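In each ligand, atom 1 is the first atom listed, and ligand 1 is the first ligand listed. Since the model is a prediction, treat every value here as computed from it, not as a measurement. What's counted below: heavy atoms across the whole structure, side chains too, no hydrogens, waters or symmetry copies.
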Amino acid sequence: MIAIDGPAGAGKSTVAKAVAKRLGLRFLDTGAMYRCLALHCQRHGVTAEQGDDAARLCEGIEIGFGEGEPQRVFLNGEDVTDAIRTPEIGDFASAVSVHSPVRKLMVRQQQAIVAQGNVMLEGRDTTTVIAPEAPVRIYLTASLDERTRRRMHDFASRGIVKDFEELKAEIEERDLRDSTRDDSPLKIGEGVTVIESDGMSVDQVVDRVVALATAAK
Ligand code: DC
């Protein structure tokens with residue numbers, strides 16, 4: 001089992017997917033689960049500030065993952081792969097995920113998947129809360145400018161045009177919220193390997209993670 005943690009735009013998903021493919025692990029995108037929860041709340045008129053209501057509303061939702069690139073994501077059987085990738089839902093997910101009842105609900109579902117073994121886990125809190133026992137735990141990061149460039153590129157490939165400075169401010173705000181929330185904030189856990197990926201290609205980062213996984217065996 002491998003867990004990759006880190007701030008927005010660090011390339012966690014890209015790297016985690018590639019590592020999962022190389023090592024034959026199942027890929028668990030925990031952020032996609034928070035995004036599904038956010039979408040469900042938005043559709044049912046629950047705001048990101050209403051933590052208790054959000055957790056109650058989403059208690060029975062079924063989040064599923066399929067194949068493909070991008071990996072298909074299902075909310076109660078509906079394909080929401082594109083719907084959860086908008087900047088608005090990203091923001092909603094970040095805001096609603098500060099609430100403990102929401103986190104409890106998601107962590108319970110995530111740990112049930114982890115218990116099945118052979119998982120490549122990706123997301124903020126995977127190394128500290130969801131799977132602190134994972135033999136390979138990585139905090140993947142990069143400078144704010146680099147992460148903004150990557151996010152811009154990512155949005156552009158989906159036809160979403162963003163202003164650099166605006167996006168940079170949004171990412172900074174997201175970092176601040178994710179790392180200052182009371183319940184399981186984004187942080188570098190003890191014993192976690194930090195990879196600063198400025199100037200590294202995706203392949204180089206993937207090689208590094210695979211090497212760490214091989215060494216841990
Ligand atoms: O990784 P992402 O951008 O898809 O995640 C969206 C938001 O979900 C993120 O800003 C914070 C929240 N999240 C979380 O709190 N814990 C996780 N393990 C993954 C995501």
Backbone N/O of Glu190 and side chain of Arg137: donor-acceptor pair under 3.5 Å: yes
Residue list, side-chain contact (heavy atoms from CB on, under 4.5 Å) with Ser201, at least two apart or on another chain: Asp203, Gln204
Which residues share a side chain to side chain donor-acceptor pair (under 3.5 Å) with Lys168, sequence neighbours left out: Asp145
Residue shell around ligand 1, heavy atom under 4.0 angstrom: Thr30, Gly31, Tyr34, Arg35, Arg85, Ala93, Ser94, Ser97, Arg103, Gly123, Arg124, Asp125, Arg174, Asp178, Arg181
Sequence-distant partners of Arg147, salt bridge (Lys or Arg N to Asp or Glu O under 4.0 Å), two or more places apart: Asp175
Asn76 (side chain) donor-acceptor with Glu62 (main chain) under 3.5 angstrom: yes
NZ/NE/NH1/NH2 to OD/OE distance under 4.0 Å, Arg150 and Glu146: yes
